[in-house]
Amino acid sequence: MGKQETEMLKGILEGIVLAFLSRRPAYGYEITAWLREQGFADIAEGTVYALLIRVEQRGLVDVTKVPSDKGPPRKVYSLNAQGRDYLDEFWRTWSFLAGQLDKLHQGDM
């Protein structure tokens with residue numbers, strides 16, 4: 001992944017993770033694996049875990065500890081009402097920016 005792609009991804013990764021959590025609850029490794037399956041192969045687990053801590057601190061997700069056969073309990077994250085509102089705003093912003101960029105790219109601005 002090039003530097004420009006990495007920088008752009010940093011700006012939208014939170015929205016991507018919240019969108020994933022809007023579909024179903026998940027734990028950190030599960031989210032990282034899904035991101036890699038989607039083509040974001042260079043995503044480090046630490047990046048996802050740091051993001052999950054931030055969205056938890058901001059009250060955008062609920063966390064449930066689930067027992068694990070392989071060690072300490074897993075933290076399972078699910079999007080709550082505040083997180084859904086935040087995600088809705090993310091999509092509105094994304095739509096606006098994508099539209100403006102498309103206009104610029106097409107030479108309409």
Side-chain angles (χ1 to χ4, degrees):
M1 188 179 311
K3 181 170 175 52
Q4 189 175 48
E5 187 177 348
T6 299
E7 290 301 313
M8 286 183 178
L9 182 58
K10 280 183 190 177
I12 62 169
L13 186 58
E14 184 175 271
I16 293 170
V17 169
L18 293 177
F20 176 77
L21 291 175
S22 74
R23 295 189 175 120
R24 67 182 183 87
Y27 56 95
Y29 181 78
E30 209 174 358
I31 295 167
T32 303
W34 176 81
L35 287 165
R36 290 177 179 160
E37 288 170 9
Q38 303 310 306
F40 301 109
D42 294 340
I43 294 286
E45 276 183 66
T47 300
V48 173
Y49 285 111
L51 184 150
L52 289 169
I53 289 168
R54 283 194 309 274
V55 297
E56 179 182 2
Q57 290 172 341
R58 290 174 38 217
L60 303 177
V61 294
D62 293 328
V63 178
T64 306
K65 290 191 178 184
V66 176
S68 171
D69 296 335
K70 299 177 183 177
R74 290 183 175 152
K75 289 174 90 174
V76 175
Y77 299 86
S78 57
L79 198 62
N80 61 27
Q82 186 175 338
R84 287 188 191 285
D85 290 345
Y86 184 88
L87 182 59
D88 288 344
E89 179 63 26
F90 170 84
W91 287 126
R92 281 191 296 278
T93 302
W94 177 260
S95 294
F96 171 76
L97 292 173
Q100 295 304 100
L101 287 170
D102 191 47
K103 286 180 191 176
L104 181 61
H105 186 247
Q106 300 302 320
D108 294 342
M109 289 181 90

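In what follows, every heavy atom counts, from backbone to side chain, and hydrogens, waters and symmetry copies are set aside. Counting begins at 1 with the first residue of the sequence.
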Any donor and acceptor pair, going by atom type alone, linking the side chain of Asp62 with main-chain N or O of Leu79 inside 3.5 Å? no
Nonpolar side-chain network containing Phe96, other nodes, edges under 4.5 Å: Leu97
In terms of heavy-atom contacts, does CZ of Arg92 have more than 12 from other residues, nucleotides or ligands at under 6.0 Å? yes
State plainly whether one hydrophobic cluster holds both Trp91 and Val61, where clusters connect Ile, Leu, Val, Met, Phe, Trp and Tyr through side-chain heavy atoms under 4.5 angstrom apart. yes
Is there a chain of hydrophobic side chains (I, L, V, M, F, W, Y, each step under 4.5 Å between heavy atoms) that links Trp94 to Leu21? yes
Who passes ring pair (Phe, Tyr, Trp, His ring centres under 6.0 Å) against Tyr86, sequence neighbours left out? none
Do the side chains of Phe40 and Ile12 join up, straight or via other hydrophobic residues, at under 4.5 Å, putting them in one cluster? yes
More than 12 heavy atoms from other groups under 6.0 Å of CD on Gln4: no
Got a second to check how far Ser22's OG is from Asn80's CG, nearest 0.5 Å? 12.0 Å
Could you walk me through whether Val76 and Val63 satisfy the side chain to side chain contact (heavy atoms under 4.5 Å, CB included) test, starting with their C-alpha distance in whole Å, then the side-chain angles of each, then the deciding distance to 0.1 Å, before giving a yes or no? CA-CA 6 Å; Val76 175; Val63 178; over 6 Å; no
Side-chain heavy-atom pair Phe90, Leu87 within 4.5 angstrom cut-off: yes
For Gly28, does its backbone N or O pair with a side-chain atom of Thr32 as donor and acceptor, under 3.5 Å? yes
Using salt bridge (charged side-chain N to carboxylate O under 4.0 Å, His left out) as the criterion, list what pairs up with Lys65, not counting sequence neighbours. none
Does any part of the side chain of Ile31, heavy atoms only, come nearer than 4.5 Å to the side chain of Leu52, both counted from C-beta? yes
Thinking salt bridges, do Arg84 and Glu89 make one under a 4.0 Å N-O criterion? no
So among Arg74, Arg36, Arg24, which one has a salt bridge (charged side-chain N to carboxylate O under 4.0 Å, His left out) with Glu30? Arg24
Hey, does Glu14 have a side-chain heavy atom less than 4.5 Å from the side chain of Arg58? yes
Compare all side-chain heavy atoms of Val55 with those of Val17 and state whether any distance is below 4.5 angstrom. no
Is Ile16 close to Trp34 at the side-chain level, that is, under 4.5 Å between some pair of heavy atoms? yes
With a 4.5 Å limit on heavy-atom distance, are the side chains of Glu56 and Lys75 in contact? yes
Side chains of Ile43 and Leu9: closer than 4.5 Å at any heavy-atom pair? yes
